[in-house]
Q: 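Dumping the structure here so I can ask a few things about it.
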There are 2 protein chains.
Amino acid sequence: MRLPEARAAQRRGLKPGESLFLQDDRVDNVYILLDGWAFRYQDLKDGRRQIVDFALPGDVVGLSETAAAPCGLEALTPCSFACYSRKAFFELIGRQPAMGLTLVQMLSHAEARAIEHVTSLGRRTARERVAHLLLELVTRLKRLNLMADTKSLDLPLMLSHVADALGLANETVCRCLSGLRRDGVLVLRERRLKVLDLRRLADEANLSETDAFEPAVPAMPARRFAA
Amino acid sequence: MRLPEARAAQRRGLKPGESLFLQDDRVDNVYILLDGWAFRYQDLKDGRRQIVDFALPGDVVGLSETAAAPCGLEALTPCSFACYSRKAFFELIGRQPAMGLTLVQMLSHAEARAIEHVTSLGRRTARERVAHLLLELVTRLKRLNLMADTKSLDLPLMLSHVADALGLANETVCRCLSGLRRDGVLVLRERRLKVLDLRRLADEANLSETDAFEPAVPAMPARRFAA
DNA sequence: CGTTAGGTTGACGACGATCAATGACGGTGG
DNA sequence: CCACCGTCATTGATCGTCGTCAACCTAACG
């Protein structure tokens, strides 16, 4: 699933807080996030902000941003992207059928996340949302083999990011995290998360029937895009 | 953008309330909704339900439902689907590059809707959500040339569908609709919606900077899949 | 007619937003 | 070294939107 042509692809770097593109921008390129964390967000006219998704290494962005991007993309940490013209990207896919499959799988995962996100915002309580988001991030990082040790990891997020992702106020997120800490589920301090009881976290998240998060994820055989 | 092969494709019908597939099902086919309304939904373990998206004629479903479907699909009205094996579908796409483009466009639109949906649930008030959903449906139907006259249309939705789509209680939806009617924005009775003031409805929806819904949609040159 | 499903309206309570004060850091300049 | 910020986290007090519970209405149907 590696892209041999990838070496030829343009690179693009981003510092924390910088944007790859803004909401409403015309986006002609397709990007693959090689390293770092970023997020996609949408702004309302009155200033309220909604974070739509977090992008992690291997994720593809820009594919759906055809004419005018429905949302902007901003870096959380220093990021580096491989960047293809839309045309070149599709040619690449066309030449490597296996890559097409991987792409479809990734888009499927992204949509599954979007669906879970909608369900969270629509039907879960504040505490459930917080637990669900943390569980999702832990699961994704595990699949990417990107967790420092098994239990703890760095989250380059401020309260306001979590709040904007979950449709909550900062203070509410803070209270939920305090609660989860008091109850011995996790510790989150100084941007570092330690999950003390994964099963318990999953219970708190009030999962849908579908998503079986934790169960010994079998190391994800299919590789992500990488370059 | 028509599919000549489509005549050969299997058909599948559905009566209101029936499901094409359930959450967690393995879905091997890709379906194109030829006629009717349906919705995709996700259930939580405690019974709460979230409607994720509404499917209208021309929409593709099943693409992202690779291993275990993240959500079920249920018919609102009598529906008919063209149904392809995943393999046949991709062959079809492979043979007709233009179709691939159309597909990408449709997936982009679907994702844009998902993003707007997330924003609605996360950051919009009850009244804004209701207005936004109605505006979205009106816009989609216009593009499909599926509106009876310019101003009014049939919505095969119960209060509970709107409520489950917007993360609200039936009573809240009812109150919002009463309010919008009182204020002369629209009339919704007996499953029939009449928009009295489209611009006003757009204001009520508190649109994101991005989505310019109403502005004289130029009849959507690109055709949807059809068979 | 009686029954049932769905819509409508009111009363009340709860969850989470808002406002405000305080604390913990890290950076900057005197 | 330490006063002075600015940013972000934390906690408490109060308020408002929306969920819940309940009663009633209407239309469809046997």
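Proteins come first, then strands; the chains are lettered A, B, ... in the order of their sequence lines, and each starts at number 1. As a basis for the values below, the full set of heavy atoms in this structure was taken, side chains included, without hydrogen atoms, waters or symmetry mates.
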Q: Starting at CG of B:L159 and ending at P of C:dT9, how long is that distance when rounded to a whole Å?
A: 11 Å
Q: Contact class for B:A169 vs. all strands (heavy atom < 4.0 Å): base, sugar-phosphate, or nothing?
A: base
Q: Determine: side-chain N/O of B:T172 to OP1/OP2 of D:dG19, distance under 4.0 Å, yes or no.
A: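 Yes, B:T172 has a side-chain N/O under 4.0 Å of OP1/OP2 on D:dG19.
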Q: To the nearest Å, how far apart are A:L121 CG and D:dC18 C1'?
A: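 Going from CG in A:L121 over to C1' in D:dC18 covers 16 Å.
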Q: So that I can tick it off, tell me whether A:R199 and A:D197 are bridged by a salt bridge, with the cut-off set at under 4.0 angstrom between side-chain N and carboxylate O.
A: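 No, A:D197 and A:R199 are not salt-bridged.
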Q: Separation of A:R48 atom CZ from C:dA17 atom P, in whole Å?
A: 12 Å
Q: Can you tell me how far P of C:dC25 sits from CD of A:E190, to the nearest Å?
A: 7 Å
Q: Is the shortest side-chain N/O distance from B:T125 to OP1 or OP2 of D:dT17 below 4.0 Å?
A: no
Q: Using only side-chain N and O atoms of A:R191, determine if any of them is under 4.0 Å from OP1 or OP2 of D:dC8.
A: no
Q: Return the orientation label for the B:F39 and B:H161 ring planes: parallel under 30°, perpendicular over 60°, tilted otherwise.
A: tilted
Q: Just compare D:dT11, C:dT8, D:dT10 and give me whichever is closest to any side-chain atom of A:S178.
A: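 From the listed options, D:dT11 comes nearest.
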Q: Think B:S160 has a side-chain N or O under 4.0 angstrom from the OP1 or OP2 of C:dG6?
A: no
Q: Could you tell me if B:R192 and B:S152 have a donor-acceptor pair between their side chains, going purely by distance under 3.5 Å?
A: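 Yes, a side-chain donor-acceptor pair sits under 3.5 Å.
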Q: Among D:dG12, C:dC25, C:dG7, find the nucleotide with the atom closest to the side chain of B:M158.
A: C:dG7
Q: What is the distance, to the nearest angstrom, from the CZ atom on B:R181 to the C1' atom on C:dG7?
A: 11 Å
Q: Send over the distance from B:D164 CG to C:dG6 P, rounded to a whole Å.
A: 13 Å
Q: Atom CG of B:N170 and atom P of D:dA22: how far apart are they, to the nearest Å?
A: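 Atom CG in B:N170 sits about 16 Å away from atom P in D:dA22.
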Q: Using a distance-only criterion (donor-acceptor N/O pair, under 3.5 Å, no hydrogens), is the base of C:dT18 paired with the side chain of A:R175?
A: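 Yes, a donor-acceptor pair under 3.5 Å.
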Q: Would you mind checking if B:E171 and B:R175 are paired as a salt bridge, meaning a charged N to carboxylate O distance below 4.0 Å?
A: no
Q: I'd like to know if B:R140 pairs up with B:D59 as an ion pair, taking the criterion as any Lys NZ or Arg NE/NH1/NH2 lying under 4.0 Å from an Asp or Glu carboxylate oxygen.
A: yes
Q: Take the protein atom CD of A:E128 and the nucleotide atom C1' of C:dC15, then report the distance between them rounded to whole Å.
A: 12 Å
Q: Reading DNA chain D from 5' onward, which residue's closest nucleotide shows up sooner: A:L177 or A:R123?
A: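 Its nearest nucleotide being more 5', the pick is A:L177.
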Q: Considering every strand and a 4.0 Å limit on heavy-atom distances, what is the contact class for A:E171: base, sugar-phosphate, or nothing?
A: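 It contacts base atoms.
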